[in-house]
*Asks:* 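One structure, pasted below without further comment.
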Amino acid sequence: MALQWRTDIFSTFLLIVFFLISPISSLQSAINVWPKPRVFNWPDPQAALLSPNFIIISPRHHYFSSAVDRHLRRILTEKHRPLVDPSVNISSSASPLQKLTVSVADLSAPLQNGVNESYSLHISLTGSANLVSSTVWGAMRGLETFSQLVWGDPLRVPVGVSIWDAPLFQHRGLILDTSRNYYGVEHILRTIEAMGMNKLNVFHWHITDSHSFPLVLPLEPELGAKGAYRDDMKYSPEDVRRIVKFGMERGVRVMPEIDSPGHTGSWALAYPEIVSCANMFWLPAGYKWEDRLASEPGTGHLNPLNPKTYEVLKNVVRDVVDLFPESFYHSGVDEIVPGCWKADPLIKSFLSNGGTLSQVLEIFVNTTFPFIHSLNRTVVYWEDVLLDDIVRVRPEFLPRENIILQTWNNGVNNTKRIVSSGYRAIVSSSEYYYLDCGHGDFLGNNSQYDEQENGEYKNGGSWCGPFKTWQTIYNYDITYKLSEEEAKLVLGGEVALWSEQADPTVLDARLWPRTSAMAESLWSGNRDESGKKRYAEATDRLNEWRNRMVKRGIGAEPIQPLWCARNPGMCNTVQKI
């Protein structure tokens, strides 16, 4: 606690110094950093050459040293060519920049929720620059900022610049579903690489679901052996360790999600006795929607009344905790479909003797939560565990100090319900943050698409359509209509890519640059210094950032014709006067 207090005081001191010596100002002369820093002061815009012998002097650290080496290579070799050349002259009095000196107050601070990610960066006119941070994780953010300031051939860098920066929200993440379609390790690593560039810090890995179980676990090898699509569509323990290490070197935590008790049909390939309604047709002919066995093709719920369920699940949890050092364990508990459990003879008998489906779920949570918590993990659940209309758990069984709830329905209203009940929240509202929306559905014989009169059916058949544009994502205020105390319980947000209709061939374009939009809104906000939404000003910067990501190997989709970047203001709805 004392250590945390000291690093917080250190950051506060840096911020006060910056506000005393310089006003907040906007980025100038087409120098672009994404996400936009909180404080960027450049009173006399000018640049200097970057010395071909430029070096970074930094303390040694297991993960940070790798980040330093990587950024130095990028700085010296990228030779970025902006869409619009910065209108800044090379100073005749400024010396070529020879070195960046990095100072870190606390080298031992672990990468965990709430770690201090602030930094300050000053680039002088005399050939040196200084990056100061409380932790190596903040220093990584500062290195990314510095790398984005460098451009051209020969290399140039702005001088006389002072930056202070820190995130508004501590949790800034991305969900990737690797069960419905498989993503090779190289695609996951590229995604985490792009996350680091955008100063995101949580890769939420939705590893398993009803469709496949691609994770190889030492204590339960049959789950992966039988549940994966193919032998070459599995993640070995070595793969997981590689992904986790890769994330640490970029300041990105890897949070595992093993969804249960719903979304577990794939478990039945190894343990059919513990899975209710497995391998059944999801919506049999003549069934009403409320009697369905699943909310989409792919049935199966773990049976909480079968003791064998907990033998298997506890082994899974042990292995996952061993593989992932992350202190958050996402346990799912979403979309409990009554029809599935009602189709199970054991549960049907329990219900006929006066039991309820909510009691069945409470048995599951009361058995699994204490075990996960005993392994020193904070448990994350989807909002359904508390808010579902039919099957939910009473708050007395969900201790607020050890549980975080993740929203996905009903926008700000469900966020309000969660935080007003005293729970911490991660926001993934499908109305704003679901990146898979707007691509129709995947049912093979849906006659509702055969319409000749109006040519449209419910946003093209996508349950969460329309497509979530970058502007929609950027403008979403995740603490809208919350009190100051309620807003403190919002840890941050995550965009989600569910993979019913996504795989590696479309991964980058589905994620980027829309995820970049959330990254900035959660890092420095979506408003300018006057409090006005800055989406118009962000357009040109996002265009430029998308261009740079593409040059760095990220297949981000375009947001405008190149003509717009070359003709500033001409693609706006109203010209500035």
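Everything quoted here is computed from the prediction, not taken from an experiment. Hydrogens, waters and symmetry mates are skipped; everything else that's a heavy atom, side chains included, is used. Throughout, residue positions are numbered sequentially from 1 according to the sequence presented.
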*Asks:* Does atom CZ of F467 have more than 12 heavy-atom neighbours from other groups under 6.0 Å away?
*Replies:* yes

*Asks:* If you take all heavy atoms of Y119 and D165, which pair is closest and at what distance?
*Replies:* OH-OD2, 2.7 Å

*Asks:* Is it the case that the side chains of S331 and R377 hold a donor-acceptor pair, with the cut-off being a distance below 3.5 Å and no angle test?
*Replies:* no

*Asks:* Atom CG in D503, atom OG1 in T178: separation rounded to 0.5 Å?
*Replies:* 12.5 Å

*Asks:* Under the side-chain contact (heavy atoms from CB on, under 4.5 Å) rule, what do V33 and L149 come out as? Steps first, then yes or no, please.
*Replies:* CA-CA 7 Å; V33 176; L149 291 173; 3.5 Å; yes

*Asks:* Can you see whether R190 engages H187 through a side-chain donor-acceptor pair at a distance of less than 3.5 angstrom?
*Replies:* yes

*Asks:* Nearest 0.5 Å please: distance from the CD1 atom of I175 over to the CG atom of L435.
*Replies:* 9.0 Å

*Asks:* Looking at every heavy atom in both C464 and K468, which two are closest together, and how far apart are they?
*Replies:* O-NZ, 2.7 Å

*Asks:* Is any side-chain heavy atom of V68 closer than 4.5 Å to a side-chain heavy atom of L143?
*Replies:* yes

*Asks:* Donor-acceptor pair, T539 side chain versus Y535 backbone, under 3.5 Å?
*Replies:* yes

*Asks:* For residues N547 and L562, determine if any side-chain heavy atom of one lies less than 4.5 Å from a side-chain heavy atom of the other.
*Replies:* no

*Asks:* Decide side-chain contact (heavy atoms from CB on, under 4.5 Å) for F54 and L155; before the verdict, give the C-alpha distance in whole Å, the side-chain angles of both, and the deciding distance to 0.1 Å.
*Replies:* CA-CA 10 Å; F54 175 80; L155 296 171; over 6 Å; no

*Asks:* Quick check for you: to the nearest 0.5 Å, what is the distance between L489 atom CG and R400 atom CZ?
*Replies:* 10.5 Å

*Asks:* Under 3.5 Å, is there a donor-acceptor pair between the side chain of S499 and the main chain of N181?
*Replies:* no

*Asks:* Pair E144, R250 - check salt bridge (charged side-chain N to carboxylate O under 4.0 Å, His left out), show working.
*Replies:* CA-CA 10 Å; E144 177 59 40; R250 287 149 182 83; over 6 Å; no

*Asks:* What do the steps show when you test V379 against N402 for side-chain contact (heavy atoms from CB on, under 4.5 Å), and what is the final call?
*Replies:* CA-CA 6 Å; V379 180; N402 305 124; over 6 Å; no

*Asks:* Less than 3.5 Å apart, any donor N or O on the side chain of S108 or D106 sitting next to an acceptor on the other?
*Replies:* yes

*Asks:* Parallel under 30°, tilted from 30 to 60°, perpendicular over 60°: which one fits the rings of H204 and H206?
*Replies:* tilted

*Asks:* If the plane angle is over 60° it's perpendicular, under 30° parallel, otherwise tilted; pick one for H61 and F64.
*Replies:* perpendicular

*Asks:* Would you kindly say whether W523 and N198 are connected by a side-chain donor-acceptor distance under 3.5 Å?
*Replies:* no

*Asks:* Is any side-chain heavy atom of F169 closer than 4.5 Å to one of I478?
*Replies:* yes

*Asks:* Donor-acceptor pairs under 3.5 angstrom involving side-chain atoms of residues 237-246: please list them, not counting sequence neighbours.
*Replies:*
from: E238; atom 1: OE1; to: S236; atom 2: OG; distance (Å): 3.3
from: D239; atom 1: OD2; to: S236; atom 2: N; distance (Å): 3.0
from: D239; atom 1: OD2; to: S236; atom 2: OG; distance (Å): 3.2
from: K245; atom 1: NZ; to: E249; atom 2: OE2; distance (Å): 2.5

*Asks:* Would the Y235 and F324 ring centres measure less than 6.0 Å apart?
*Replies:* no

*Asks:* Do P43 and N41 make a side-chain contact, defined as non-hydrogen atoms from C-beta onward lying under 4.5 Å apart?
*Replies:* yes

*Asks:* Please say whether more than 12 non-hydrogen atoms of neighbouring residues, nucleotides or ligands are located less than 6.0 Å from NZ in K99.
*Replies:* no

*Asks:* With a 4.5 Å heavy-atom cut-off, do V102 and F146 have their side chains touching?
*Replies:* no

*Asks:* Less than 3.5 Å apart, any donor N or O on the side chain of Y183 or T191 sitting next to an acceptor on the other?
*Replies:* no

*Asks:* Taking all non-hydrogen atoms of both residues, which atom of E326 and which atom of M255 are closest, and how far apart?
*Replies:* CG-CA, 3.9 Å

*Asks:* In terms of side-chain geometry, is the basic nitrogen of D477 or K533 positioned less than 4.0 Å from the acidic oxygen of its partner?
*Replies:* yes

*Asks:* Are there more than 12 heavy atoms of other residues, nucleotides or ligands under 6.0 Å from atom CD of E484?
*Replies:* no

*Asks:* Would you call R541 and E520 a salt bridge, taking side-chain N to carboxylate O under 4.0 Å as the test?
*Replies:* yes

*Asks:* Look at the aromatic rings of W408 and W382 and report parallel, tilted or perpendicular, splitting at 30° and 60°.
*Replies:* perpendicular

*Asks:* What is the distance from atom CD1 of I559 to atom CG of L542, rounded to the nearest 0.5 Å?
*Replies:* 4.0 Å

*Asks:* Decide yes or no on side chain to side chain donor-acceptor pair (under 3.5 Å) for N32 and Q148, but give the supporting numbers first.
*Replies:* CA-CA 7 Å; N32 186 56; Q148 292 183 31; 5.2 Å; no

*Asks:* Check whether any side-chain N or O of D508 sits under 3.5 Å from a backbone N or O of I554 as a donor-acceptor pair, and report yes or no.
*Replies:* no

*Asks:* Determine the minimum heavy-atom distance between A94 and V159, stating which atoms define it.
*Replies:* CB-CG2, 4.2 Å

*Asks:* State which residue, out of R73, R548, K551, R70, fulfils the salt bridge (Lys or Arg N to Asp or Glu O under 4.0 Å) condition with E78.
*Replies:* R548

*Asks:* Using only atom types and a distance under 3.5 Å, with no angle test, would you say the side chain of T479 pairs donor to acceptor with the backbone of L482?
*Replies:* no

*Asks:* Mind listing the closest non-hydrogen atom pair of S51 and L76 along with its distance?
*Replies:* O-CD2, 4.3 Å

*Asks:* Would you confirm whether S524, through its side chain, and K36, through its main-chain N or O, come within 3.5 Å as a donor-acceptor pair?
*Replies:* yes

*Asks:* Please answer whether the main-chain N or O of A166 pairs with a side-chain N or O of R38 as donor and acceptor at a distance below 3.5 Å.
*Replies:* yes

*Asks:* How long is the gap from OG on S124 to CG on N130, to the nearest 0.5 Å?
*Replies:* 7.5 Å

*Asks:* Scan R172, R253, K199 and name whichever one has a salt bridge (Lys or Arg N to Asp or Glu O under 4.0 Å) with E117.
*Replies:* R172

*Asks:* What I want to check is whether the side chains of H171 and E494 have a donor and an acceptor closer together than 3.5 Å.
*Replies:* yes

*Asks:* Testing the 3.5 Å rule here: is there a donor-acceptor pair between the side chains of S147 and R552?
*Replies:* yes

*Asks:* Report the C-alpha distance between M518 and Y476 in whole Å, list the side-chain angles of each, state the deciding distance to 0.1 Å, and finish with yes or no for side-chain contact (heavy atoms from CB on, under 4.5 Å).
*Replies:* CA-CA 8 Å; M518 184 202 70; Y476 187 36; over 6 Å; no

*Asks:* Does one side chain, of H439 or Q501, offer a donor that lies under 3.5 Å from an acceptor on the other?
*Replies:* no

*Asks:* Would you say the side-chain atoms of R81 pair up with the backbone N or O of K79, donor to acceptor, closer than 3.5 Å?
*Replies:* no

*Asks:* Any donor-acceptor pair under 3.5 Å linking the side-chain atoms of Q560 with those of N543?
*Replies:* yes

*Asks:* Do Y474 and Q471 make a side-chain contact, defined as non-hydrogen atoms from C-beta onward lying under 4.5 Å apart?
*Replies:* no

*Asks:* Any side-chain heavy atom of L100 within less than 4.5 Å of one from L72?
*Replies:* no

*Asks:* For the residue pair L107 and P59, what are the closest heavy atoms and their distance?
*Replies:* CD2-CG, 3.9 Å

*Asks:* Given side chains that start at C-beta, do those of R141 and P167 come closer than 4.5 Å, heavy atoms only?
*Replies:* no

*Asks:* Over 60° means perpendicular and under 30° means parallel, so tell me whether F203 and W205 are parallel, tilted or perpendicular.
*Replies:* tilted

*Asks:* Assess whether atom CG of N376 is packed by more than 12 heavy atoms of other residues, nucleotides or ligands within 6.0 Å.
*Replies:* no

*Asks:* So how far is it from N113 CG to R424 CZ, rounded to the nearest 0.5 Å?
*Replies:* 7.0 Å

